[in-house]
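Okay, so here's the structure we're looking at.
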Amino acid sequence: MAVASLDRKLSVLILHGPNLNLLGLREPGIYGVSTLAQIDTRAIELGRSLGVEVTPLQSNHEGVLVDTIHAARDCHDGIIVNAGAYTHTSIAIRDAIAAVQIPTVEVHLSNIYKRETFRHHSYLAPIVVGQISGFGAYSYELGLQALIAHLREGTANAGDRSRG
Ligand code: DQA
């Protein structure tokens with residue numbers, strides 16, 4: 001796992017899973033009207049304002065997502081993942097994140113717990129730092145802020161943070 005150091009910029013990978021390339025067109029009542037390009041641009045700008053390099057990647061293919069997580073060991077300090085439907089099915093993506101041990105935040109545009117019961121279970125939730133679900137495109141910005149705070153402060157979650 002890459003170690004966050006003070007002498008170089010933090011680098012965060014944003015990984016989008018299947019069907020998220022259709023954001024903007026896809027069920028806008030559930031997922032909103034922002035396109036993936038708009039979400040990525042906002043995340044890159046937020047990263048820049050916080051001194052963090054943000055690299056987005058979308059794939060509809062489970063193996064590509066697994067390969068990208070493996071490759072992240074060499075170049076990224078943290079991962080934001082919206083695995084789309086693979087959230088609810090993919091032990092392979094879960095195992096890849098667990099294997100590389102890169103701090104990862106799971107995000108969802110929709111609140112998966114308010115939807116069909118098959119969306120209530122996430123294979124990723126037990127092995128990520130935390131999960132943000134239900135804030136539309138803003139989930140990514142919240143996730144990125146939380147991940148950066150985690151990487152910089154080295155806390156397990158916000159509740160562990162001691163101030164003062
Ligand atoms: C999603 C929720 C998943 O259940 C769904 O399959 C998606 C998107 C979300 O961002 O709300 O593709 O991950």
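Whatever order the structure lists them in is the order used to number ligands and atoms, beginning at 1. Values below: all heavy atoms of this structure, side chains included; hydrogens, waters and symmetry mates excluded.
- Nearest approach of Ala83 to Leu124, heavy atoms of both residues: CB-CD1, 3.9 Å.
- Ring geometry for His88 versus His108: interplanar angle under 30°, hence parallel rather than tilted (30 to 60°).
- Taking a 6.0 Å sphere around CZ of Arg115, one finds it holds more than 12 heavy atoms contributed by other residues, nucleotides or ligands.
- The protein heavy-atom contact nearest to atom 1 (C) of ligand 1 is His108 ND1, 3.7 Å.
- Some N or O of Arg119 is nearer than 3.5 Å to an N or O of ligand 1, by distance alone.
- Counting all heavy atoms, side chain and backbone alike, Gln58 lies closest to Pro18 at NE2-CA, 4.2 Å.
- Between Val107 and ligand 1, no N or O atom pair is found at a separation short of 3.5 Å.
- Within the structure, ligand 1 lacks Thr87 among the residues with a heavy atom less than 4.0 angstrom away.
- Taking each heavy atom of Leu13 and Ala72 in turn, the nearest pair found is CD2-CB, 4.0 Å.
- For ligand 1, the atoms lying closer than 4.0 Å to a non-hydrogen atom of Ser110 are 2 (C), 9 (C), 11 (O).
- Atoms of ligand 1 lying under 4.0 Å from at least one heavy atom of His88, given by number and element, are 3 (C), 4 (O).
- The part of Arg26 lying near ligand 1 is the side chain, judged by heavy-atom distances below 4.0 Å.
- Both the backbone and the side chain of Leu109 come within 4.0 Å of ligand 1, counting heavy atoms alone.
- Residues His76 and Val12 come closest through the heavy atom pair ND1-C, 4.0 Å.
- Annotation: Leu20 places no N or O atom under 3.5 Å from an N or O atom of ligand 1; distance criterion only.
- A donor and an acceptor atom, one from each side chain of Ser34 and Arg42, are located under 3.5 Å apart.
- Of all protein heavy atoms, the one lying nearest to atom 8 (C) of ligand 1 is Tyr31 CE2, 3.5 Å.
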